[in-house]
Amino acid sequence: MRVLVTGAAGFIGSQVADLLATEGHEVVALDALLPQAHRGELPDWSVRHDVIRGDVRDATLLERLLTGVDAVCHQAAMVGHGLDPSDGPDYVTHNDFGTAVLLAAMYRSGVRRLVLASSMVVYGEGRYACAEHGVVRPASRRAADVADGRYDPTCPRCTEPLTPLLVPEDAPLEPRSTYAASKLAQEHLAAAWARQIGGDVWALRYHNVYGPRMPRDTPYAGVASIFRSALATGLPPRVLEDGRQRRDFVHVTDVARANVLALATPAPDALVPVNICSGEPHTVGELATALASAMDGPAPVVVGGARAADVRHVMADPQRAAELLGYSARVRFTEGITAFATDPLREPAALSG
């Protein structure tokens, strides 16, 4: 199979490209080498793929690269929590407009299969149940509650505490950041495209991905990278809230394998969203503690507070990925975090001021 991989030099895209090549597929590798993620140069681990430096918003380039391609694995995106709302135009331009240009080029080139890198951020808060009212959408966390150390969401009808549940793919979608909104828009654009032309799309909703080649020392980095950077300088990881917020931390090699499975599997509908997770939820405090132990560093410090767009618990239901893709995670939490203590990371990017 000949596959165009966008974002092929990135954290996840480079692992996807490597695995595809290892399994005998032909990779057409494209990356814009955005300064938010790169230092303007190709990382050593991507040299083998002859990465073409270019932008998914360049329709002429895309149509050339799509010649003879069987499927597209779309990893290119501006990612992360961001700095502030001034990032909005960049997220929309790179993620949404870029995806629209790619879809149009695929249509003109006759390519009908897409694997889209989506994200768990489209869910907003996770899934919760009230003892009296069943499954409910939680009331928004109030700033006053967070300031007083009351972090868990409550029932919007009776204000009682809620029990967090696993989040299935048909849960209500409620993006709470510009990045999250841009990822949901990508899904909608891809779904409309697939219905119009008879294509098929897997929207892989990645949960908290970590592992080798993760970017570091950037405001767009994930929490595992932020904790490791602190420990590398002898400082304790600073854990927001009370450290008990739950996530699903999934290793990047498992995410790459999910992409390869999706590329080889026709989607049963125009767009099929799938949680790509470990199926093994852990708290952010557990992550910090495990990493500090693996690096023989100082114990984490719980500092309270919360970022404006943060959610409390998001724990993924892995059942659909297992049933439709035959995917389940292979890297366990302790094994992966121990390795992450010494994994090679991406050098700090040069951010424009």
Side-chain angles (χ1 to χ4, degrees), residues 36 77-88 90-91 95 118-128 136-156 159 161-167 171-185 205-210 214-230 236-250 275 277-278 281-291 300-316:
Q36 294 94 332
M78 182 174 169
V79 303
H81 200 82
L83 298 172
D84 55 52
S86 65
D87 284 331
D90 286 334
Y91 278 116
N95 297 357
S118 188
S119 172
M120 46 78 75
V121 296
V122 301
Y123 296 120
E125 273 290 354
R127 185 177 176 90
Y128 295 85
V136 296
R137 293 299 287 169
S140 296
R141 295 198 294 183
R142 299 182 306 171
D145 288 337
V146 170
D148 288 340
R150 295 189 297 272
Y151 302 110
D152 284 303
T154 57
C155 177
T159 72
L162 299 173
T163 299
L165 306 173
L166 298 182
V167 182
L173 305 179
E174 189 181 11
R176 296 194 173 193
S177 68
T178 305
Y179 168 63
S182 76
K183 297 307 288 185
L184 183 54
R205 292 177 179 165
Y206 303 156
H207 285 254
N208 291 73
V209 187
Y210 72 97
M214 197 173 188
R216 67 179 180 90
D217 301 335
T218 159
Y220 302 92
V223 66
S225 176
I226 292 169
F227 288 166
R228 181 175 144 172
S229 291
R238 292 171 57 84
V239 181
L240 295 179
E241 301 185 20
D242 56 4
R244 297 191 182 98
Q245 59 271 44
R246 298 182 206 174
R247 299 290 188 272
D248 187 305
F249 300 99
V250 58
N275 286 327
C277 60
S278 72
H282 286 273
T283 68
V284 173
E286 287 172 336
L287 169 69
T289 298
L291 192 55
V301 175
V302 176
V303 299
R307 298 182 299 184
D310 278 353
V311 297
R312 181 61 173 170
H313 304 296
V314 185
M315 305 180 301

**OP:** Decide side chain to side chain contact (heavy atoms under 4.5 Å, CB included) for L240 and V284; before the verdict, give the C-alpha distance in whole Å, the side-chain angles of both, and the deciding distance to 0.1 Å.
**Re:** CA-CA 9 Å; L240 295 179; V284 173; over 6 Å; no
Sorted by chain and residue number, the side chain to side chain donor-acceptor pair (under 3.5 Å) partners of S225 (sequence neighbours excluded) come out as none
Between E241 and D310, the two heavy atoms sitting closest are OE2-CB, 4.4 Å
Does the side chain of L291 reach to within under 4.5 Å of the side chain of R228, using non-hydrogen atoms?
yes
Those residues at least two apart in sequence (or on a different chain) that pass side-chain contact (heavy atoms from CB on, under 4.5 Å) with A290 are F333, I337
Sorted by chain and number, sequence neighbours left out, side chain to side chain donor-acceptor pair (under 3.5 Å) with Y151 holds for none
4.5 Å side-chain heavy-atom contact, N208 and M120:
yes
Side chain to side chain donor-acceptor pair (under 3.5 Å) filter on S182, not counting sequence neighbours, yields N95
For G126 and R137 the tightest heavy-atom approach is O-NH1, 3.6 Å
Value for CD (Q245) from CE (M315), rounded to nearest 0.5 Å, stands at 12.5 Å
Sorted by chain and residue number, the salt bridge (Lys or Arg N to Asp or Glu O under 4.0 Å) partners of E286 (sequence neighbours excluded) come out as none
Distance col, row R141:CZ vs D152:CG, nearest 0.5 angstrom, shows 8.0 Å
On a heavy-atom basis, the closest approach of V146 and G305 is CG1-C, 4.0 Å
**Request:** Evaluate the ring planes of Y179 and Y91, with Trp represented by its six-membered ring, and classify them as parallel (under 30°), tilted (30 to 60°) or perpendicular (over 60°).
**Result:** tilted
What one should report as the nearest heavy-atom pair of P164 and L162 is CD-O, 3.7 Å
Taken to the nearest 0.5 Å, the spacing of T283 OG1 from H313 NE2 works out to 10.0 Å
Side chain to side chain contact (heavy atoms under 4.5 Å, CB included) between V314 and H207, worked out:
CA-CA 9 Å; V314 185; H207 285 254; 4.1 Å; yes
Those residues at least two apart in sequence (or on a different chain) that pass side-chain contact (heavy atoms from CB on, under 4.5 Å) with P175 are A180, A181, L184
Closest non-hydrogen atoms of T178 and G88, given as atom of the first, atom of the second and distance, are CG2-CA, 3.5 Å
Sequence neighbours excluded, the answer for salt bridge (Lys or Arg N to Asp or Glu O under 4.0 Å) partners of D242 is R244, R312
By salt bridge (Lys or Arg N to Asp or Glu O under 4.0 Å), R176 pairs with (sequence neighbours left out) E174
Residues at least two apart in sequence or cross-chain that pass side-chain contact (heavy atoms from CB on, under 4.5 Å) with A139, listed by chain then number, are T154, P156
Original post:
Does a side-chain heavy-atom distance below 4.5 Å link V301 with P236?
Top reply: yes
Residues passing the side chain to side chain donor-acceptor pair (under 3.5 Å) test with Y123, sequence neighbours excluded, are R205, N275
- Inspect the surroundings of CZ in R150 and state if more than 12 heavy atoms from other residues, nucleotides or ligands are less than 6.0 Å away. yes
Those residues at least two apart in sequence (or on a different chain) that pass side-chain contact (heavy atoms from CB on, under 4.5 Å) with A288 are F227, P237, V239, P300
Minimal heavy-atom distance between R127 and L166, with the atoms involved, is CD-O, 3.2 Å
